[in-house]
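Atoms within each ligand, like the ligands themselves, are counted from 1 in listed order. All values below were derived from every heavy atom in this structure, side-chain atoms included, with hydrogens, water molecules and symmetry-related copies excluded.
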Amino acid sequence: MSNSLIWTFLHSQLHQTLRDRQLLPKSQRLLVAVSGGQDSLCLLKLLLDLQPKWGWELGVVYCDHRWRSDSSANGDYIAHLAQSWQLPFYRRVATEIPNSEATARQWRYQVLAEIAEEHHYPVIVTGHTKSDRAETLLYNLIRGSGSDGLQALTWQRSLQCRDVACNVSTLQPNLTASIQLVRPLLEISREQTGQFCQEHHLKIWVDSTNDDLHYARNRIRQELLPYLQTHFNPKVESHLAQTAELLRAEVDYLDSLTETLFQQIVVFEKESQKPLKINRLILRQTHEALQRRVSRKILQQVLSTTPNFEQIEKLNALISAPNRSQTDPFPGGVIALVDGEWIVFTLRSKET
Ligand SMILES: Nc1ncnc2c1ncn2[C@@H]1O[C@H](COP(=O)(O)OP(=O)(O)OP(=O)(O)O)[C@@H](O)[C@H]1O
């Protein structure tokens, strides 16, 4: 397929977004994650067309989950596309077919990170759109997420261990430390990417699993959002995406306050570098929103896992509880107890 250039509104919009948000530095090596669907094909073509202005070195990666009988042909199609655009192409095929969406995602991010590391791409770019953002916000709202989940897909973030199955022994530690995941299409809707592919005669590889209404994601996309559009607000998708964007900035701000407070109140255990005790007098003077966030961060480090709402509330109750009050044990046997101005973490066995 030749790379004829028709400059469109989306080219200008993406160029402007990249400048305003400084998402993709000039001359960077970018690994573009392409599934063959309309969003990632649109992304790839846009980046290719903008490439002379920005001087990037682009590479294309496809992860074959082996979920569909045509997944290999799907990969061949992307390989062919990359070749005709003279771009390096990388493909990884799952040795075991993932048994759930979550496992497939985890495997995919692991593979993306490994290939990026191996071929020296500090940035992975994906085709998530404004529509994905609206759907993710709804999905997370229904599941009961706090504001962190409702910011729904941020413009960029580091690929963390939680994305890439840290327990997989083949994964080197620090593998993902410096790899950024960037989603530059968050202001562009799925309708626009579809139209773009049509205008540029880009053949879309249709993913038959997108029609499977067993998946909550697909029901939100195909049933809930159209219903909301028809019966509540035709612009619901844009409004939800805007809400996610507002929350992103607010979460960012709260995160920075949380970090400052965390550094002020936590005393660390020398050997493990885990929180040993926290100053509850300082904590008592802060807003409950910050108390919750800092408690969550502390528990995350103490328990080495993400704490749930009840566990955070249990710790927060100690902020103004009488001296010698304590929690019942958290998983792993750690308890928190009040000692004057401090809340101390200790193993239950030491106390009994
Ligand atoms: N099999 C794949 N190979 C390479 N990239 C992919 C693949 N599937 C998805 N992607 C990338 O991820 C983007 C989002 O895809 P999709 O919405 O299907 O994934 P998701 O699982 O809903 O998202 P997330 O991984 O963030 O949860 C695509 O635009 C593409 O850039």
Got a sec, which hydrophobics cluster with Val267, joining ILVMFWY side chains under 4.5 Å apart, including via others?
Trp342, Val344
Ion pair check, Arg92 and Glu118, cut-off under 4.0 Å:
yes
Can you name the residues that form a side chain to side chain contact (heavy atoms under 4.5 Å, CB included) with Ser325, not counting sequence neighbours?
Leu318, Ala321, Pro322, Val338
Qualifying salt bridge (Lys or Arg N to Asp or Glu O under 4.0 Å) pairs with a residue from residues 211-228, counting only residues at least two apart or across chains:
Asp132-Arg221, Glu135-Arg221
According to the interplanar angle, ranging from 0 to 90°, do the rings of Trp56 and Trp54 count as parallel (below 30°), tilted (30 to 60°) or perpendicular (above 60°)?
parallel
Using the six-membered ring wherever Trp is involved, compare the ring planes of Trp7 and His15 and label them parallel, tilted or perpendicular (cut-offs 30° and 60°).
perpendicular
N or O contacts of ligand 1 with protein under 3.5 Å, please list pair by pair.
{"unit_1": "ligand 1", "atom_1": "1 (N)", "unit_2": "Cys63", "atom_2": "O", "d": "2.8"}
{"unit_1": "ligand 1", "atom_1": "3 (N)", "unit_2": "Cys63", "atom_2": "N", "d": "3.0"}
{"unit_1": "ligand 1", "atom_1": "19 (O)", "unit_2": "Arg108", "atom_2": "NH2", "d": "3.3"}
{"unit_1": "ligand 1", "atom_1": "21 (O)", "unit_2": "Arg105", "atom_2": "NE", "d": "3.1"}
{"unit_1": "ligand 1", "atom_1": "21 (O)", "unit_2": "Arg105", "atom_2": "NH2", "d": "3.0"}
{"unit_1": "ligand 1", "atom_1": "21 (O)", "unit_2": "Arg108", "atom_2": "NH2", "d": "2.9"}
{"unit_1": "ligand 1", "atom_1": "23 (O)", "unit_2": "His128", "atom_2": "NE2", "d": "3.0"}
{"unit_1": "ligand 1", "atom_1": "25 (O)", "unit_2": "Arg105", "atom_2": "NE", "d": "3.3"}
{"unit_1": "ligand 1", "atom_1": "25 (O)", "unit_2": "Arg108", "atom_2": "NH2", "d": "2.7"}
{"unit_1": "ligand 1", "atom_1": "25 (O)", "unit_2": "Tyr109", "atom_2": "OH", "d": "2.9"}
{"unit_1": "ligand 1", "atom_1": "26 (O)", "unit_2": "Tyr109", "atom_2": "OH", "d": "3.1"}
{"unit_1": "ligand 1", "atom_1": "26 (O)", "unit_2": "His128", "atom_2": "NE2", "d": "2.7"}
{"unit_1": "ligand 1", "atom_1": "27 (O)", "unit_2": "Arg105", "atom_2": "NE", "d": "2.4"}
{"unit_1": "ligand 1", "atom_1": "27 (O)", "unit_2": "Arg105", "atom_2": "NH2", "d": "3.3"}
{"unit_1": "ligand 1", "atom_1": "29 (O)", "unit_2": "Gly127", "atom_2": "N", "d": "3.1"}
{"unit_1": "ligand 1", "atom_1": "31 (O)", "unit_2": "Ala33", "atom_2": "O", "d": "2.6"}
{"unit_1": "ligand 1", "atom_1": "31 (O)", "unit_2": "Gly127", "atom_2": "N", "d": "3.0"}

